[in-house]
Every structure is written in C-alpha cells, then in structure tokens.
Amino acid sequence: MAETPLPQALLHQLTPQLPEMLSVLRAFVVTESPSLEKAAVDRCCAVIAKQWRRLGARIERVAQKHRGDHLRITWTPAKSRPTAQLLVLGHYDTVYASGVLRKMPFRVSAGRAYGPGTFDMKAGIVQALFAAEALKRLPASQQPRKRIVFLWTSDEEIGSESSRKLIETEGRRSDAVFVLEPSFGPRGALKTERKGVGEAELVVHGRASHAGLAPQDGINAIHEISRQIARLETWNDLRRGVTINAGTIEGGTRTNVIPEIARVQLDLRATTVADMRQLERRLRTLRPELKGAHLEVSGGFSRAPLERKMSAGLFARAKSLAAEMNFALDECAVGGGSDGNFTAAVGIPTLDGLGAVGNGAHSAHEHVLIKTMPLRAALLAALLQSV
C-alpha cells in the first residue's frame, strides 16, 4: 500500500482539530486588540503567548513603550541545530476600538466565524499555531530542517512604525518569509504581488490680498494647487498599476481673501520598484504655474512593492503541495500593502495571503470560512517542512 503523501497526512491530522481551532480563535477574538490602545493590545499579546507555550518554543515579548508588545516565537525542530531560518509573519492588532464586541460579538453561523479581527488576521495566527504543532508531532526525520520564527506584531494596521525594524531584521536572517495576512476571494488565492504604498503632501504658498480691492496683488494658492492636482491626475496609469489620488485638500480663510496657502494629501501606489522611484522623482520635479507661487513636497512611499518575482518560486511550491492535498491554489495581485512588502524589499522571497479564507475585513460582517482552517494550516505546515 502506497504511503500517504506528507501534505495529505498533515491535512488528515489537522481536520479533526477544527473544534479546538475555533475555541482558540474565540479566545483571541474576544480579547480585543485595537492598535492604538496599548493596554488592550498587551492583554491580547498575553493570551496569544499563553496558547503558543504549548509548542514548547522560546517565547519573547518585545516590549514597546507606546504600542503593544510584539511577540517572537522561535521553534527549533527536534534533534537539529539549524543555521538557516524561516519567518512566519503576521499581526494581532485590529482596526476596531474597544467595546465593538458588544455590537459584533464572536459567533459561529452557517459555516462562518464572525467577529472583529477574525479574518484580518487572528484566524491566521490560529492556523499557524496548529500547523506548528502538527510539525512538532512528526518523526524527527520529517520535521523541518530550519529554525522557524513566528513574529506577531501589534501595529500593522497603523503603519508598522514600531515593528518595521524588527520585521526587516528577522527577514534578513531568513531564507523565506510566509505572511499570514488573509487570502483573497472565496477560493483563498495567495497574494503574489502587492503594490507599493505611500503618502505625500503638496503645499502651495501664494500671497494673500483683498479679493475685491487688490486681486492683482495676490497669488491664489488654491488656483495653483488645482492646476497641480489636474497635472497629477494625468500621471495615473491603471494598466501599469500606478495611481496617485488626491484624498484631502484644504486652503483659504475667507471668500474675500486671496488664499495664501493650500495643501493636498496624496495617496501613492505603484506595482514595480521602478515605477515607485519614477513617481517619487516626478513629484520632486513639480514646478508652479502661477508666477510667484512656491511648491513644497514632502513624504513618499513607505512600503515598496512586493513584486511577483519575489513570490514566484514559493508560490510554485505552494501550488504543488496544494495539488497533493487535492485542491487548486490560485494567485492574485492586490493594491494594498502589508508587512510582506518590507521583507521583499530587503531581498527575501516572500509569499503573502497564506492566512484565513473569508471576507469583510474591517467591517461589521468580517468572517472566516471555518471549514478551510485545517486546510490552510496543513498548507502552511507543508511549506515549512519542505522549504
């Protein structure tokens, strides 16, 4: 009788554990973790750390002064002294303020688990825990050959300011990075491309004057910024994935005063590093159209793109392992960034979207499809075992 392929064996082992997965997910979700509330986030960190102690791994809370603590879990497979490392990356903070559970409590209905942060991305952390435990139960000869670091951060939803350096450091130590952000669509597509993301501000300085008595003496900052925004709009190239969006604008004081200052906040997106750099260069070369006006540009990209070339090899491996578990795995490109952008930018192969299958991130109907949780855990385990 033919031996069961390891990916199938992992799936068979994990499928009966779905009720326990849901129990752990409930514990994570009912411990609210809004990014901006350190005390609450730290409570959630403690709950997650308690569950991960079952793995028998080294657990470190990386203390933060203003944000929640980050959680680094290092598991070294049995009877090995690996010099190489894999990084599993995610976050446990959410966009929901404390108290939202009263309006959207954790509940299971019609094959879905609802609640704040279920999909983005506490179910992913649960899946990673059960994947790690499944690997630990394997015979020593079948366990991963590399040390595995699980890094759960507390501030991804607000820009990863306190965690970025830690993410990049662990990324550089690793041969590959697996990001447990949610998958895309009902088929659970992995994210092999992410746009680079940034913000810039354009400020126009003009000259104030009385709009009725001396309009000729003024330089209208709103008129100038309007011309600049019209110019920026022509830079959009949807086919290439380059977008620049004027999101907020302000200027002027009263209707009878020529406005001296105006400003616009810009959202920047690009699919390739080359396009990102070109867009930043173009912003710096803007020149005023009205004589006497002065332009001031600040900001730029905070996350470089995750280009497909950084994911292609890992996705091919994932697709092959999925086929051994008798399901087809899709890939997609998305416009938003994640912490995976950071690791790809430092040159480390990175595969994103390995987390939960579901929908409704950041909304009242956020949910995961519970039957997919053992399958996603098995896929992650198989990847960690084979890379």
Self-check item: Transitive ILVMFWY cluster of L202, excluding itself - 4.5 Å side-chain cut-off
Solution: V204, I225, I229, L232, W235, V242, I244, I249, V264, L266, L268, V273, M276, L279, L283, L286, L295, V297, F301

Self-check item: Transitive ILVMFWY cluster of L213, excluding itself - 4.5 Å side-chain cut-off
Solution: none

Exercise. Determine the minimum heavy-atom distance between H91 and E157, stating which atoms define it.
Key: CE1-OE2, 3.3 Å

Self-check item: For R303, all residues meeting side-chain hydrogen bond (donor to acceptor under 3.5 Å, both in side chains), sequence neighbours excluded
Solution: S160, D339

Quiz item: Judged by modelled atom types alone, do K146 and S174 share a side-chain donor-acceptor pair under 3.5 Å?
Solution: no

Quiz prompt | Pairing residues for R263 by the salt bridge (charged side-chain N to carboxylate O under 4.0 Å, His left out) criterion, not counting sequence neighbours | solution = E201, E250

Quiz item: Under 3.5 Å, is there a donor-acceptor pair linking the side chains of E260 and H205?
Solution: no

Self-check item: ring-ring contact (aromatic ring centres under 6.0 Å, His included) against H362, all qualifying residues, sequence neighbours excluded
Solution: none

Self-check item: Which residues share a salt bridge (charged side-chain N to carboxylate O under 4.0 Å, His left out) with E133, sequence neighbours left out
Solution: R54

Exercise. Quick one: do R376 and Q127 satisfy side chain to side chain donor-acceptor pair (under 3.5 Å)? Show the steps, please.
Key: CA-CA 7 Å; R376 304 296 284 197; Q127 290 164 189; 5.8 Å; no

Quiz item: Looking at P305 and A270, what are the two nearest heavy atoms and their distance?
Solution: CG-O, 3.4 Å

Quiz prompt | Hydrophobic cluster identity match, V334 and V357, side-chain contacts under 4.5 Å | solution = no

Practice problem: Could you tell me whether D275 and R277 make a salt bridge, using a distance below 4.0 angstrom between a side-chain N and a carboxylate O? | Solution: no

Self-check item: Residues in ring-ring contact (aromatic ring centres under 6.0 Å, His included) contact with Y114, at least two apart in sequence or another chain
Solution: H367

Quiz prompt | Where at least one partner belongs to residues 340-355, residue pairs that pass side-chain hydrogen bond (donor to acceptor under 3.5 Å, both in side chains), sequence neighbours excluded | solution = R194-D352, S338-D352, T343-T350

Quiz item: Partners of K136 by side-chain hydrogen bond (donor to acceptor under 3.5 Å, both in side chains), sequence neighbours excluded?
Solution: none

Practice problem: Show your working on side-chain contact (heavy atoms from CB on, under 4.5 Å) between L25 and V368 and close with a plain yes or no. | Solution: CA-CA 10 Å; L25 178 60; V368 297; 4.2 Å; yes

Exercise. Taking only Lys NZ, Arg NE, NH1 and NH2, and the carboxylate oxygens of Asp or Glu, determine whether E280 and R282 approach each other closer than 4.0 Å.
Key: no

Quiz item: Cut-off 3.5 Å, side chains only: do S162 and D155 have a donor facing an acceptor?
Solution: yes

Exercise. Kindly state each residue pair satisfying side-chain hydrogen bond (donor to acceptor under 3.5 Å, both in side chains) with at least one member in residues 184-193, sequence neighbours excluded.
Key: R187-D330, T192-E331

Quiz prompt | Counterpart residues, ring-ring contact (aromatic ring centres under 6.0 Å, His included), relative to F150 (two or more places apart) | solution = W52

Quiz prompt | Donor + acceptor pair across side chains of E366, Y96 (<3.5 Å) | solution = yes

Quiz item: D217: what forms a side-chain contact (heavy atoms from CB on, under 4.5 Å) with it, not counting sequence neighbours?
Solution: S209, A214

